Structures are given as structure tokens and as C-alpha cells.
Asker: 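I have a structure I would like to understand better, so I am pasting it below and will then ask my questions one at a time.
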Amino acid sequence: MSTNADNVYNLDVARILSPAFFNRPALTVARSLLGKYLVRRIGRKTVAAMITEVEAYDGHLDKACHAHRGKTPRNAVMFGPAGHWYVYFVYGMHWMLNIVTGPKDYPAALLIRGVGKWNGPAKLTKALKINGSLNGKMTGRKSGLWIEDRRVEVPEKSIRRTPRIGVAYAKEWARKPYRFVLARNLDFATAAD
DNA sequence: ACGATGATGAAC
DNA sequence: TTCATCATCGTA
């Protein structure tokens, strides 16, 4: 066990985002997640992909948020502490990956809609073998799913904000610019890594 | 434009 | 217990 190997390991651990990072307003965390890396441990292999698209679901007033109608068995994780995974099943076949934000008892989470080459929330969960067994787990190595800061610079100009997808039923809340998308041509950042 | 496919939550 | 709905995707 060389000193060198230990240093490499420690550097790696240092850039894993801790739950404290997520204990801030959903919109603030959403913006800062662009350019971070979602990292998934699958058996012996580790896959990392840059987060390119995120949506915020912010509190019980937000009519598009699952917590809008109160606490239920499904959305209970959203009412828990930040930095835990909220994974649910929709349309009879798709898993959606969310990370809880903000203080305990304030229900908010971010839906991760795009990472790396995978565009679409159901495509990335399928590719990274993410399902309900992760629901309620804390982000980190122990859960096999975490987020790393790899020091990719994301200028404001590279970010687009739009209404959220597939929530037309939420009336005026559907129009709010709670979707954050990273411009495609940020590939220079990965190349420089 | 539509069907797949099953959990969820609200109503009865 | 029933029923409409659903933070989607692939095919047409």
C-alpha cells in the first residue's frame, strides 16, 4: 500500500459531493449540478458521465412536484434529508432518478434527465442499472451511486433554462423555467480533463 | 400519433 | 376494489 496510491485514493474521495452540497435550494443545486459527474459502480466496473440536464421539483406548492398532495409512501424520501436518492417507477416501465435537496421536511428533488451520451431520464437509468433498490439510499460510494466534482467549468452562457417536460397538468407551474440544460458543445471541457 | 405496461393514490 | 393517471420511449 504505497503513499502514492493513498494520495490518488484521497483525491478521488475529496471530490465526491457530500450530502451537505445538496442541502441548499433546489434551483441553486440544479444549476450547479450541470458539469458534475454521475458515477455508478456496477460490479467491478465504474461508469462516469457528465450531467447535462436536470429539472427541479421544489416544495409542496409546486403543482408538478410529487409532494404537492402531501406525504405518501412513494414520495416520503423527498421529505427526508438532502443527498439521498429518490427513485420511482412510471409508465409501467421506466425508473426515474432524483436527488433530494434542501432541509429535512421540505420536499424537493432534482430529476436527472441527461448524463453523457444518454439523453432522457429513463434511458440513463436503464444504461446505468438504476432501479428502486436505490430509493432512499444516501449518495456515496456505499450506495454504488454518487456525484463527483471534476472541476469542469460551466459558464452561464452554456446553460439554457426551459419549462419542465411532461408536466402540462401543473398549470402555471408547468411554465416555470425549472429545467436546466447544458449546451452540447461543451466537449472541450471533457477533452481537457 | 399511439401503444406498451404496472405502480400509485384517490374515490367509492 | 376499481379506475384514471402517469416527471417516458420506440415505432409509425
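Here is how names work: the chains are called A, B, and so on, in the same order as the sequence lines, proteins then strands, and each is numbered from 1. This structure is a prediction, so every number in the text was calculated from the model and none was measured.
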Asker: Compare the minimum distances between each of B/dG9, C/dT8, C/dC6 and the side chain of A/Thr72, then state the nucleotide with the smallest one.
Answerer: B/dG9
Asker: Starting at CE of A/Met93 and ending at P of B/dA7, how long is that distance when rounded to a whole Å?
Answerer: 12 Å
Asker: Counting the atoms with a prime plus P, OP1 and OP2 as sugar-phosphate, which does A/Met96 contact under 4.0 Å by heavy atoms, base, sugar-phosphate, or nothing?
Answerer: sugar-phosphate
Asker: In whole angstroms, how far is the P atom of C/dT8 from the CD atom of A/Glu55?
Answerer: 7 Å
Asker: I want to check one thing: is the phosphate of C/dG10, taken as OP1 and OP2, less than 4.0 Å away from some side-chain N or O of A/Lys123?
Answerer: yes
Asker: Test your reading of the model: is there a side-chain donor-acceptor pair from A/Asn98 to the backbone of A/Tyr86, 3.5 Å cut-off?
Answerer: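 Yes; at least one donor-acceptor contact below 3.5 Å.
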Asker: Round to a whole Å and report the spacing from NZ of A/Lys63 to C1' of C/dC6.
Answerer: 18 Å
Asker: Is the terminal nitrogen or CZ of A/Arg164 (NZ for Lys, CZ for Arg) located under 6.0 angstrom from the six-membered ring centre of A/Tyr57 and within 45° of that ring's axis?
Answerer: yes
Asker: When rounded to the nearest 0.5 angstrom, what distance separates OH in A/Tyr88 from CG in A/Asn75?
Answerer: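 Taking OH in A/Tyr88 and CG in A/Asn75, the distance rounds to 11.0 Å.
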Asker: Does C/dA7 have A/Tyr57 stacked on its base, where the ring centres are within less than 5.5 Å and the planes differ by under 30°?
Answerer: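 Stacked: ring centres under 5.5 Å, planes under 30°.
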Asker: OH of A/Tyr169 versus P of B/dT8: gap in Å, rounded?
Answerer: 16 Å
Asker: On the nucleotide C/dA7, are OP1 or OP2 found under 4.0 Å from the side-chain N or O atoms that A/Arg179 carries?
Answerer: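 For A/Arg179, the contact criterion (side-chain N or O under 4.0 Å from OP1 or OP2 of C/dA7) is not met.
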Asker: Under 4.0 Å, heavy atoms only, any strand: does A/Arg74 hit a base, just the sugar-phosphate, or nothing?
Answerer: sugar-phosphate
Asker: Within this structure, what is the CZ-to-P distance between A/Arg164 and C/dT8, rounded to whole angstrom?
Answerer: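 Rounding to the nearest Å, CZ of A/Arg164 and P of C/dT8 are 12 Å apart.
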Asker: So, does the side chain of A/His66 form a donor-acceptor pair with the base of C/dA7 at under 3.5 Å?
Answerer: yes
Asker: Roughly how many Å is it from NE2 in A/His94 to P in C/dA7, rounded to a whole number?
Answerer: 12 Å
Asker: Between atom CZ in A/Arg69 and atom C1' in C/dT5, what is the gap in whole Å?
Answerer: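 About 10 Å, once rounded to whole Å.
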Asker: Would you find more than 12 non-hydrogen atoms of other residues, nucleotides or ligands less than 6.0 Å from A/Arg175 atom CZ?
Answerer: no
Asker: If you assign each of A/Gly92 and A/Pro121 to its closest nucleotide in DNA chain C, which residue comes earlier from the 5' end?
Answerer: A/Gly92
Asker: Tell me, yes or no, whether the heavy-atom count around A/Arg161 atom CZ, taken from other residues, nucleotides or ligands under 6.0 Å, exceeds 12.
Answerer: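 Yes - once you tally the heavy atoms of other residues, nucleotides and ligands closer than 6.0 Å, there are more than 12.
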Asker: Does B/dT5 pair with anything, Watson-Crick or G-U wobble, both distances under 3.5 Å, and if so, with which nucleotide?
Answerer: none
Asker: May I ask you to say what A/Ala64 touches in the nucleic acid, namely base, sugar-phosphate or nothing, with a heavy-atom cut-off under 4.0 Å?
Answerer: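 Here A/Ala64 touches the bases of the nucleic acid.
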Asker: Nearest of B/dT5, B/dA7, C/dA7 to any side-chain atom of A/Tyr88?
Answerer: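 Of the options given, the side chain of A/Tyr88 lies nearest C/dA7.
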Asker: Taking the side chain of A/Ala122 as its heavy atoms from C-beta onward, which of C/dC9, C/dA7, B/dG6 lies nearest to it?
Answerer: C/dC9
Asker: Using whole Å, what does the distance between atom C1' of nucleotide B/dA10 and atom NE2 of A/His68 come to?
Answerer: 15 Å
